Amino acid sequence: MAAGCGAYVTISADHFLGPLGLPELQGALPQRRRELYDAIVELLRKQDLVIEGTRGASAGAGDEADLRIPGTPVHVHISAVTEPQLNEIVTLLAGLGLHHKGEYAITLAGLQALARLFSVLKTKYGERSVVEALTDATPPTADGVTGVLHGAPCRHPGANCRYMQDETCTISVAAVATTLADLESRGVVRRLNAVHPHEYAITI
Amino acid sequence: MDPWREIEERAAADAAGKPVDVHTRPGQGVAFVYTLHEGVSRDALLDAVLERLRRIRDASSKRVRERRFNVWYGTAPDDGGKLAVLMLPDRFDYHAWQKLADLNDLPGYRHQGGFQVAEIEGSPLVRYDHGTITGYLGPTTAAPTDAGDVEWKSAIVEIPARRVERKWMVPPSGRATQWHTGENWQRNRERMLKFVWQLRATGTYPRLAEVTEKHFGIAVREELEPDDVRYGLLRLGFLRVSDFAVPVGVFLRRDLSDDLKYLVLAHELSHYIFHFPLLYLGALVDDIARGVPEAATVFEAAVATNIDRDALERQADYFTSNFLIPARYDVDRLAARYMEMGRQPSAAELAWRFLQPLIPGGIDAVLTWTNLEQMSALTAADLEALDDSPATLYARILKATVERIEGLEHDPGDRIANGFDALQETFDEITEAVTSLSYAEAREALGARTAEAGDRTTEVESVPDDMRPGRYELLAAVAVPTGQRARSIHLVPAAGNPAGERGGPWIDRHQPELPPETIAGWRDLVYEDVALRLYRHEAWQPDAART
């Protein structure tokens with residue numbers, strides 16, 4: 001199928017989230033952004049949704065000056081725009097703030113592992129919100145997580161969470177502490193210190 | 001809103017049942033810095049600050065009492081230890097300040113200075129609001145019962161989204177015609193250069209598009225599809241034979257963000273400023289080629305031989321950087337006056353910091369001594385990775401910006417200027433042949449040049465038979481005599497055929513007074529060696545009757 005018939009979108013490292021129907025990651029570190037682009041292309045390539053090369057490119061006309069996409073443009077089949085795994089990956093990156101953290105390299109394998117990790121979380125018991133709030137809580141303790149969540153608008157209002165009332169989170173310190181302990185036993189988070197108050201980090 | 005003084009109250013209480021204030025993180029403040037140890041803890045500093053706020057509340061002077069402000073507390077790393085920092089607003093009434101100034105008498109005090117709140121890891125400590133004192137505790141800590149004159153709450157902090165400052169662009173005086181010639185391009189170019197020189201900050205896409213249309217006479221259309229391999233292009237329209245004028249349009253990929261559209265539009269305007277003569281000659285030749293198709297082949301061969309398109313792109317990038325970091329902004333001079341952690345950043349490093357937030361999704365970090373090392377590493381990595389064929393638009397613009405501010409020559413050896421001169425010569429030869437020889441002789445002479453050029457250009461770049469693939473649909477000529485090339489007629493949909501159906505009426509763009517015909521009708525009317533070009537997307541061009 002030829003480019004130009006609307007079956008493909010053309011993406012580049014400068015411009016790929018919007019064409020794929022994904023939200024823009026504001027404040028992304030340049031390396032993280034490039035890594036994310038590579039990871040997304042790799043994922044789509046595995047799914048056979050990518051055609052590389054300058055399809056549809058024509059020689060520059062005498063009375064035109066065009067700004068071509070630098071490097072090798074990547075043509076992605078339009079069905080990738082509704083690819084649920086892509087959306088999940090970018091949502092996770094934004095939720096965990098990994099796009100502006102320097103200590104991780106974003107790889108497809110890492111993102112998929114993270115997505116798998118999050119897929120085992122039970123949103124109706126507030127587990128996903130607790131894990132996401134760990135990155136916002138200072139310090140990342142049960143108290144800190146409760147401070148971030150309690151009274152704030154529910155992060156996943158469609159999840160039918162038992163702690164949601166009037167779309168507001170009402171989770172208690174005890175519930176967060178118990179949830180974190182259980183998540184630790186399942187390998188989703190790890191405890192950073194031995195004595196109370198315990199601090200936690202996501203297992204990546 | 002002044003985040004040092006304003007807050008919002010959240011409707012829902014915290015986990016301990018206390019009310020919650022929503023603070024926005026302020027920018028600059030006055031910091032009292034202490035060595036953090038057991039004598040100086042958050043609780044100890046909280047007590048000390050509360051004591052001083054009571055002095056303000058109980059002051060005899062209404063001028064001292066009637067005010068509101070927040071005090072922040074945080075910590076910051078120090079060599080082998082930690083610092084405790086109290087931060088207050090940087091603007092304060094002198095008499096009220098006297099009630100607080102002895103914070104420098106507390107144990108562990110080190111120094112006082114102006115800092116960014118972003119530099120500390122902290123949160124609001126207390127708030128004073130016209131006699132009401134609020135103390136902030138953790139969201140799960142119950143309010144104490146023994147401090148009756150203090151309201152206890154918890155605080156949540158919102159970090160304001162930083163957007164790089166983009167300013168309204170002052171338009172140039174007067175307006176340009178939509179019909180461009182070599183002559184009025186010079187005047188328009190002068191106005192555009194002046195406009196760019198007068199920029200004080202990066203502008204916005206909607207404003208640049210408006211100025212481009214209204215003041216430079218260039219149409220701006222977002223009509224390229226998301227599958228296009230081009231971000232944008234500068235295109236000349238059909239020639240108006242009465243004065244040899246052409247309309248000019250910029251076409252952008254419609255799915256780009258506004259930040260990217262701004263960049264692409266600036267790039268295309270740079271092409272107009274520097275390369276309009278080349279495109280204009282191309283349009284003139286294309287018009288001649290309707291009847292003398294060999295002219296197009298000769299000209300295109302000359303373009304392939306003499307014009308380095310990469311050099312044109314680099315020149316356009318170089319000038320585009322002025323739209324992002326204005327020419328008046330002397331980055332080199334600024335770098336010479338900068339000192340960070342004992343070293344001077346280079347102009348290229350500063351350019352990286354200025355450009356980064358202008359690129360979609362880029363970082364707009366609050367640069368502090370706590371993240372300076374990380375930022376420097378990022379900058380160095382990007383600058384080291386720059387090479388002659390940058391793989392991203394950002395890298396291209398960064399490279400061009402660095403070259404500009406470092407004063408590097410972007411067209412060594414005047415290759416672009418020499419190429420333009422060579423093209424002008426070729427064009428003169430074409431017009432000489434067309435005007436001084438008979439029709440048949442001109443075609444024969446240029447045909448001979450075509451054969452000669454064909455031999456030469458195969459070594460450089462193969463010249464496509466048709467100069468403008470993609471812009472129009474080409475219906476080939478029925479029969480072309482051996483050794484000749486097809487002439488062409490340019491058709492656009494008539495008013496009654498907005499979708500450009502072949503069975504609908506079409507008119508000859510260059511002779512609109514002729515009656516409209518269907519495509520089959522035109523095929524019957526024209527000679528067999530005439531190809532039909534069907535232009536369906538030329539509605540952007542102004543009416544030829546307009547000035």
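Only a predicted model underlies this, so the values are computations on that prediction, with no experimental measurement involved. Heavy atoms only: backbone and side chains are in, while hydrogens, waters and symmetry mates are out. Throughout, a chain's letter reflects where its sequence line sits, starting with A, and its residues are numbered from 1.
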* Side chain from CB out, backbone as N, CA, C, O: work out which of these in B:Val20 comes under 4.5 Å of a heavy atom of chain A, or both, or neither. => neither
* Top contributor to chain B contacts, counting heavy-atom pairs under 4.5 Å, from A:Leu29, A:Val173, A:Leu17 -> A:Leu29
* Asked: Quick one: does B:Gln356's side chain get under 4.5 Å of A:Pro30's, heavy atoms only?
  -> yes
* Structure fact -> Value for CD (A:Gln31) from CG (B:Leu378), rounded to nearest 0.5 Å, stands at 4.5 Å
* Drop me the distance from B:Glu225's CD to A:Thr10's OG1, to the nearest 0.5 angstrom. => 10.5 Å
* Asked: Roughly how far apart are B:Asp259 CG and A:His15 NE2, rounded to 0.5 Å?
  -> 12.0 Å
* To do: Answer yes or no: does atom CD of B:Glu121 have more than 12 heavy-atom neighbours from other residues, nucleotides or ligands under 6.0 Å?
  => no
* Applying side-chain contact (heavy atoms from CB on, under 4.5 Å) between A:Leu67 and each of B:Leu252, B:Leu233, B:Leu393, report the one that passes. => B:Leu393
* Please round to the nearest 0.5 Å and tell me the distance separating atom CD1 of A:Ile78 and atom CG of B:Asp227. => 8.0 Å
* At a heavy-atom separation under 4.5 Å, does B:Thr392 approach chain A through its side chain, its backbone, both, or neither? -> both
* For A:Asp48, look at atom CG and say whether over 12 heavy atoms of other residues, nucleotides or ligands are found less than 6.0 Å away. => no
* Where does B:Ala13 contact chain A at under 4.5 Å (heavy atoms): side chain, backbone, both or neither? -> backbone
* Measure distances from B:Leu224 to the heavy atoms of chain A and classify the residue's part below 4.5 Å as side chain, backbone, both or neither. => neither
* **Considering all heavy atoms, the nearest B:Pro139-A:Asp143 contact** => CG-O, 4.4 Å
* Counting only heavy atoms closer than 4.5 Å, note whether A:Leu25 contacts chain B via side chain, backbone, both or neither. => backbone
* Examine whether an atom of A:Ser172 lies under 4.5 Å from a heavy atom of chain B, and if so say whether it belongs to the side chain, the backbone or both; otherwise answer neither. => neither
* So what's closer than 4.5 Å to chain A heavy atoms on B:Ala16: side chain, backbone, both or neither? -> neither
* To do: Sort B:His267 into side chain, backbone, both or neither according to what part of it lies under 4.5 angstrom from a heavy atom of chain A.
  => side chain
* To do: Sort out for me which of B:Ala12, B:Pro360, B:Pro357, B:Gly138 touches chain A most, counting heavy-atom pairs under 4.5 Å.
  => B:Pro360
* Closest-packed option against chain A by number of heavy-atom pairs under 4.5 Å, given B:Leu312, B:Asp382, B:Ile359 -> B:Asp382
* Separation of A:Glu64 CD from B:His275 NE2 (nearest 0.5 Å) -> 15.5 Å
* B:Val229 side chain near A:His75 side chain, heavy-atom distance below 4.5 Å -> yes
* Structure fact -> The interface call for A:Ala152 against chain B, heavy-atom contacts under 4.5 Å, is both
* Is the number of heavy atoms from other residues, nucleotides or ligands under 6.0 Å of A:Glu24 CD greater than 12? -> yes
* Please tell me if the side chains of B:Arg253 and A:Ile69 come closer than 4.5 Å, counting only heavy atoms from C-beta onward. => yes
* Asked: Heavy-atom distance under 4.5 Å to chain A: side chain of B:Asp255, backbone, both or neither?
  -> both
* Which value, rounded to the nearest 0.5 Å, describes the distance between B:Leu256 atom CG and A:Asp14 atom CG? -> 10.0 Å
* To do: Taking the side chain as every heavy atom from C-beta outward, state whether B:Tyr394 and A:Pro70 have any atom pair closer than 4.5 Å.
  => no
